[in-house]
Every structure is written in structure tokens, then in C-alpha cells.
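Notes follow once the structure below has been shown.
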Amino acid sequence: MVKIADIELPDFPLLLAPMEDVSDPPFRALCKENGADVVYTEFISSEGLIRDAAKSTMKLDIYEKERPVGIQIFGANLDSMLEATEIVEKSNPDIIDINFGCPVKKVVSKGAGAGILKDICLMEKLTGEIVKRTKLPVTVKTRLGWDHDSIKIVEVAERLQDVGIKAISIHGRTRAQMYKGHADWKPIAAVKNNPRMHIPVFGNGDVNTPEKAMEMRDSYGLDGAMIGRACIGYPWFFNEVKHFFETGEHLPGPTIEERVEVARRHLEMSIAWKGEKLGVFETRRHYTNYFKGIRDFKPYRMKMVTSDHSVDVFAAFDEVLEKFAGYEFV
Ligand SMILES: Cc1cc2nc3c(=O)[nH]c(=O)nc-3n(C[C@H](O)[C@H](O)[C@H](O)COP(=O)(O)O)c2cc1C
């Protein structure tokens, strides 16, 4: 069993990665239903939270059914991060996660996200103070280092553990790599193999098949996998990995009827949560994957991603059911 503080998780838990405009309550709930053991919100700006910016505070919403859930915050200013921690705590998540991995220029230029990898002492200080400020377990998500020449993740992880974090998720790329090349899990395994480490070490980056999840577990010895892009528009991925672990076989993919049913519920929940306009708009990015691999699908996808009104998207779902009933995915 793996534990994040008192939160008990199965062996080799699967975590939904924080993803901006993706890991919202509707999608997190779908991932949870389909086997995710822990879900994280997208990153939330500490500065936005303390200004009470509506866009940031809305991101604090959580559904009971998605627990355990971690709320992720980012920032570089100690006072703002501490104030944000108090605001987050009031939303009653199970975990507070600190983002020390975002590579985007507008974030790193302010010293936040992966920017903090250039100042390990500040990273340690911020983390330690946040841990002291909250009774919730604090976790960290980070990258291997700033660039190839400054990979100190073994030391960094140990220092963060020593100031009280309860788990660490490591994306096997440096900031300089952004999303290029392949994630390197070897330095993550080195963190896990450090005999001083006793908190769970979760691997992240490029887990996009059940075989890769198994490799992360068996060849790299990590405590769990955090999964991002592979589950966008494909929340079934978590159960597919679990089934493969249990049986060594691939679960058949969802049928067209299941895909439409989940896409429909996704859109309904999104509209209920953020209203018609945003709900329609922000669910669009999932449709490509929901309906991947279907021949001659383009006109239907176009309708889904260009319609401004949910009634038209729902109509497209109905047409898909009619046209592709019993479709055999290869
Ligand atoms: C659309 C998108 C948004 C992301 N937003 C965040 C974020 O808000 N916080 C964060 O820590 N990482 C974010 N990431 C990075 C992912 O959490 C993850 O580290 C990365 O995608 C690598 O994992 P994967 O190969 O499983 O996708 C984002 C990634 C994507 C693709």
C-alpha cells in the first residue's frame, strides 16, 4: 500500500496530472470513475487567489465524488503563497500540491513553476513554510532540473522531504526540454533509490500505454504513475492500466456507445459547472481523443468543435450514434 500522509492508496496508484483547462471537476470526476486513485486540479495562481480573481477561485471547486483530490498552487512570493494556502485550505481538499514544474515563460520569468529550480534554497523555504501553515498534506510536482547541466533532483527531493512534504511527483524532463524529447525516468529512479527517501515518489512523463506504466513500476521501481496527456479525451486509460496489471491483457477499448455516453456526460457536467458558453468551449479539446480512430469522422468532429451551442453538439452525438452504431475499432 502507498500512503500520502494518512491517505491510503492501492499499490502503484495512478494519479491524474494537473493540466490547465483540462483537469477541471467534470473531467476529474470522469477519471476517478474510470480508475484514477488521486486527482489534481490544474495549477492555480496564488496571486490570483489572494486578489480573489473569479477565474482562480472557481478553480477551487471540488466534487465529493472525486476525492482524494489535490489542489495545485503556484507562485514565487512567500506571503502570497501562504495566504493562498489558507484560502485553498478552506475549500477542504485532501492535499495541497505546489507546482515547481511549469515551464511556461510567463510563469518562470516570475520565478514561479520551474523557475524556482534555479533557486533551490527558496524552493525549500517556500515549501517548508507552506507545510507549517497548513494541516493538510503537502505534495510537490517538479521537473528533473532547470537544464541538463543542473539536474539535482536527488538532493532537491531529499531537502523537500526534510521540510515535510508527503509525496513528490517528478516529470522526467528539464525545464529546458519543455515537452521535447523523451521523459527520462532514470533520475526519478535515483530519487526513489536514495535510502533516505521514505515518501512516495511518483513518476510522470510519457506514460501512454499500460506497458509503459508497468515499466515504470517494474523496471524503475517507482511508487505510482502520474498520467497527463494519455487521458485527455480518454479517461478509460486508468482502468486499462489496472486491468493490464491484473491480467497481463489489454482491456478492449470503449465502444462507440460508451464514448458517446461519456462525451455527453462530460459536456453536461461542464455546462452545469461553468455555464453553457465555457462548458461548450472547454470540452472541445477532448473530442479528438474521444472519437479517435473512426474512419470518415471529420464532419462530425468539426461540428462538435465549431458549434457554439450545446444543443448542436448533442445533436452531433446523436448523429454519431446513428451512423457508427456497432463500429469496430481496430
Ligand atoms: C494541456 C496541459 C496542461 C498542463 N497544465 C499543468 C498544470 O497546470 N500544472 C502542472 O503541474 N503541470 C501541467 N502540465 C504538465 C502535466 O501535468 C504533465 O507533467 C506533462 O503533461 C507530462 O506528463 P504526460 O506525458 O503524462 O502528459 C500540463 C500539461 C498539459 C499537456
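Both counts, for ligands and for their atoms, begin at 1 and track the order of listing.
Among residue pairs with one or both ends in residues 102-114, none qualify as side chain to side chain donor-acceptor pair (under 3.5 Å); sequence neighbours excluded.
Residue, atom and distance of the protein heavy atom nearest to atom 30 (C) of ligand 1 are Met19 CG, 3.9 Å. For atom 18 (C) of ligand 1, the closest non-hydrogen atom on the protein side is Asn204 OD1, 3.3 Å. The nearest protein atom to atom 9 (N) of ligand 1, hydrogens excluded, is given as Gln72 OE1, 2.8 Å; this is a heavy-atom distance. At the shortest separation from atom 31 (C) of ligand 1 among protein heavy atoms lies Arg229 CG, 3.6 Å. Looking only at protein heavy atoms, the nearest one to atom 12 (N) of ligand 1 is Lys141 NZ, 3.0 Å. In terms of protein heavy atoms, atom 7 (C) of ligand 1 is closest to Pro18 O, 3.4 Å. The single protein non-hydrogen atom nearest to atom 5 (N) of ligand 1 is Glu20 N, 2.8 Å, given as residue, atom name and distance.
Looking only at side-chain heavy atoms (C-beta outward), Tyr290 and Met304 stay at 4.5 Å or farther from each other. Using a 4.5 Å heavy-atom cutoff, the side chains of Leu126 and Ile98 are not in contact.
Between the side chains of Thr85 and Thr134, no donor N or O sits under 3.5 Å from an acceptor N or O. Between the side chains of Trp273 and Asp61, a donor-acceptor pair is found at a separation under 3.5 Å. Between the side chains of Gln177 and His182, no donor-acceptor pair of N or O atoms lies under 3.5 Å. Between the side chains of Thr139 and Tyr40, at least one donor-acceptor pair of N or O atoms lies under 3.5 Å.
Residue Asn99 has at least one nitrogen or oxygen atom sitting less than 3.5 Å from a nitrogen or oxygen atom of ligand 1, judged on distance alone. In terms of polar-atom proximity, defined here as any N/O pair under 3.5 Å, Glu42 makes no such contact with ligand 1. Taking only nitrogen or oxygen atoms, main chain and side chain alike, Arg173 does not reach within less than 3.5 Å of ligand 1. Annotation: Gly228 places an N or O atom under 3.5 Å from an N or O atom of ligand 1; distance criterion only.
For Asp206 and Arg173, the salt-bridge test passes: some basic side-chain N is under 4.0 Å from an acidic carboxylate O. Electrostatic pairing of Arg264 and Glu268 does not count as a salt bridge here, judged by no charged N lying under 4.0 Å from a carboxylate O.
Listed by number with element, the atoms of ligand 1 under 4.0 Å from a non-hydrogen atom of His171 are 19 (O), 20 (C), 22 (C). Within the listing of ligand 1, atoms 17 (O) sit less than 4.0 angstrom from a heavy atom of Ala17.
Among His286, Arg259, Lys292, the single residue meeting the side-chain contact (heavy atoms from CB on, under 4.5 Å) criterion with Tyr234 is Arg259.
The shortest separation from a heavy atom of Gly205 to ligand 1 is under 4.0 Å, placing the residue in contact.
Heavy-atom proximity to atom 21 (O) of ligand 1, evaluated over Phe43, Tyr179, Phe237, is greatest for Tyr179.
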